[in-house]
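Fair warning: this is a prediction, and the values are worked out from it, not measured in the lab. The chains referred to below are lettered A, B, ... by the order of the sequence lines, with proteins before strands, and numbering in each begins at 1.
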Protein chains: 2
Amino acid sequence: MMSMYTKNINTHLVEIKSYFKVAISVDCVIFGFNGNELKVLLIESDLKEYKGKWSLLGDIVRPDEELDEAAYRVLKARTGLDDLYMEQVQTFGAINRHPAGRVITVAYYSLVNIEHVELKKHNNDLHWHAIKDLQNMAFDHKQILDTCHERLKQQVMVQPIGFNLLPKKFSLRELQNLYEAILDVELDRRNFRKKFLSMDLLMDLNEEEEDVPHRPAKLYKFNFDKYDQRKKRYLGIGF
Amino acid sequence: MMSMYTKNINTHLVEIKSYFKVAISVDCVIFGFNGNELKVLLIESDLKEYKGKWSLLGDIVRPDEELDEAAYRVLKARTGLDDLYMEQVQTFGAINRHPAGRVITVAYYSLVNIEHVELKKHNNDLHWHAIKDLQNMAFDHKQILDTCHERLKQQVMVQPIGFNLLPKKFSLRELQNLYEAILDVELDRRNFRKKFLSMDLLMDLNEEEEDVPHRPAKLYKFNFDKYDQRKKRYLGIGF
DNA sequence: ACAAAAGTGTTAGATTTACACCCATGA
DNA sequence: TCATGGGTGTAAATCTAACACTTTTGT
């Protein structure tokens with residue numbers, strides 16, 4: 001008699017008998033930044049169980065579709081945008097997390113330039129929500145959102161991904177506002193500027209803000225090429 | 001007419017029509033440490049497609065089972081151990097990753113004290129493998145292993161989880177060997193000791209190694225209580 | 001001239017790195 | 001007495017953190 005322990009998906013099993021009614025979905029936490037606050041793109045659920053509550057954007061993964069593909073499909077359908085920064089974060093599979101049955105969902109977050117997202121007519125139930133003061137979302141979506149936000153906090157300290165949330169040209173103040181919004185801390189302006197300028201990865205565009213009621217700030221863009229060419233990746237904080 | 005974009009799993013769908021033949025599994029990267037090398041517990045696959053190749057330990061998730069539960073079940077079945085450090089890492093769902101059909105797998109890593117694992121008779125196809133010089137595993141398991149190892153590297157810098165791989169009582173040399181094995185770097189002995197001793201989280205047990213052919217080292221244990229009570233969790237490297 | 005945000009340097013403290021010798025034990 | 005690894009301190013360099021005034025622009 002064969003032990004149950006050796007009969008599993010990676011060894012003796014040839015025909016999968018254990019299929020059961022389960023669906024796989026992806027859910028996207030789409031972050032945006034309006035210059036001040038970190039936002040997330042949400043839709044109002046109209047499942048009767050969650051009527052009127054806010055829900056992440058997600059969909060079932062199709063039989064012939066990779067997980068990442070499904071996430072990109074959702075993102076593209078909702079924002080019209082391609083070529084976005086996206087990262088798989090975690091999978092949520094609590095037995096009763098979806099009222100329609102067992103739905104296991106793979107959570108992604110993505111970072112978009114909020115100005116590039118046109119909320120189309122058929123998407124008029126989509127809204128950008130400040131991540132602060134969000135409670136009471138549909139399903140386990142608050143938990144998913146929190147987990148993704150936590151991951152974003154970690155990543156932004158260690159990789160130059162925040163720039164995906166900014167316009168191509170940005171001021172140091174905008175950059176600092178972004179970090180403060182993501183990390184939910186206040187940072188010292190002089191130290192922040194010193195830090196970023198000393199990385200030598202911001203290109204001074206010799207342009208300035210316009211139409212501001214005060215001294216205009218210089219505009220920069222991030223030098224991704226230079227970053228990619230650097231061989232050493234140091235441990236610890238800082239890129 | 002309703003747009004396709006609004007008809008999805010989180011909103012209008014009430015009955016899930018998109019069920020298709022898919023199975024969910026968990027795969028566990030079980031790390032152990034023998035005092036010198038980082039090891040992983042593997043089994044020889046005997047699926048005909050992967051005959052003789054090394055495979056992670058995994059199984060199908062049952063219909064009434066949480067993901068974490070499934071991972072703990074696999075771990076317990078294979079190691080006899082409960083109450084282990086375990087962390088979900090990533091989900092792998094490439095369309096053809098499993099020859100028996102669409103199997104989406106949630107990868108976990110766990111850290112066990114290698115001395116506590118008794119490889120039982122019915123488990124005599126289980127082996128501890130050095131993570132170096134491992135190639136050519138079954139399925140996408142090399143990729144899963146690498147991803148989990150990468151995550152372990154990150155976590156061990158920032159949280160006191162490495163101690164799960166050591167005996168309760170350990171010397172500073174063992175601790176350093178562990179870090180060197182996980183991170184695959186050489187560390188300066190004096191600086192390493194200074195760093196850990198200055199954290200003030202190692203309890204000096206006033207005991208020494210025995211039966212060593214040289215000056216015996218002092219033994220310590222990690223003070224988890226003290227760690228838990230500390231309120232501040234600093235950013236950056238170091239707990 | 002005023003309001004509002006941009007821009008700029010220095011200092012003290014903490015952390016990191018590099019580095020060499022004596023000590024305790026068993027064989 | 002020898003071989004082996006255990007144990008220890010200091011100095012230089014780097015990084016972090018705290019902190020205030022002048023500049024530029026629009027109104």
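Atom CG of B:Asn36 is separated from atom C1' of D:dG5 by 14 Å (rounded to the nearest Å). One interatomic measurement links the two molecules: CD of A:Glu209 to P of D:dG26, which rounds to 12 Å at whole-angstrom precision. Straight-line distance from the CD atom of B:Glu208 to the C1' atom of D:dG5: 13 Å, rounded to whole Å. When rounded to the nearest whole Å, the span between CG of A:Leu187 and C1' of D:dC19 equals 16 Å. A straight line from CD of A:Glu207 to P of C:dA6 spans 17 Å, rounded to a whole angstrom. Atoms CD (B:Gln176) and C1' (D:dG5) sit 12 Å apart, rounded to a whole Å. Rounded to a whole Å, the CG atom of B:Asp211 is 19 Å from the P atom of D:dT4. A straight line from CZ of A:Phe196 to C1' of D:dC15 spans 15 Å, rounded to a whole angstrom.
Applying a 4.0 Å cut-off to non-hydrogen atoms, the residues of residues 166-175 of chain A that approach DNA chain C are A:Arg173, listed by residue number.
By the neighbour-count criterion of 12 heavy atoms within 6.0 Å, atom CG of A:Asp83 is sparsely surrounded, having that number or fewer from other residues, nucleotides or ligands. Heavy-atom contacts from other residues, nucleotides or ligands closer than 6.0 Å to NZ of A:Lys142 number more than 12.
Under a 4.0 Å N-O distance rule, the pair A:Lys153/A:Asp184 does not qualify as a salt bridge. Between A:Glu87 and A:Arg151 there is a salt bridge, since at least one side-chain N of the basic residue sits less than 4.0 Å from a carboxylate O of the acidic one.
Comparing B:Pro213 and A:Tyr220 along DNA chain C, the residue whose closest nucleotide (by nearest heavy atom) sits nearer the 5' end is A:Tyr220. Ranked by how close their nearest DNA chain D nucleotide is to the 5' end, A:Arg189 and B:Leu219 are led by B:Leu219.
No donor-acceptor contact under 3.5 Å links the side chain of A:Arg215 to the base of D:dG26. Contact annotation: side chain of A:Arg193 to base of C:dG7, donor-acceptor pair absent below 3.5 Å.
Under 3.5 Å, the side chains of A:Thr91 and B:Thr91 contain a donor-acceptor pair of N or O atoms. Side-chain contact annotation: B:Asp82 with B:Tyr72, donor-acceptor N/O pair under 3.5 Å absent.
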Identify all pairs in which a protein N or O lies below 3.5 Å from an N or O of nucleotides 9-11 of chain D, and state each distance.
| unit_1 | atom_1 | unit_2 | atom_2 | d |
| --- | --- | --- | --- | --- |
| D:dT10 | O4 | B:Lys194 | NZ | 2.9 |

Dump the intermediate steps for ring pair (Phe, Tyr, Trp, His ring centres under 6.0 Å) on A:Tyr179 and A:Phe33, then the final yes or no.
-> CA-CA 10 Å; A:Tyr179 272 78; A:Phe33 179 66; 9.9 Å; no
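A close approach under 4.0 Å does not occur between any side-chain nitrogen or oxygen of A:Lys218 and OP1 or OP2 of C:dA6.
For the atom pair B:Leu126 CG and B:Glu118 CD, the distance stands at 13.0 Å (nearest 0.5 Å).
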Which donor-acceptor pairs under 3.5 Å do side chains of residues 160-171 of chain A form with protein atoms, sequence neighbours excluded?
| unit_1 | atom_1 | unit_2 | atom_2 | d |
| --- | --- | --- | --- | --- |
| A:Asn164 | ND2 | A:Ile161 | O | 2.8 |
| A:Lys169 | NZ | A:Glu207 | OE1 | 3.0 |
| A:Lys169 | NZ | A:Glu207 | OE2 | 3.0 |
| A:Ser171 | OG | A:Glu174 | N | 3.2 |
| A:Ser171 | OG | A:Glu174 | OE1 | 3.4 |

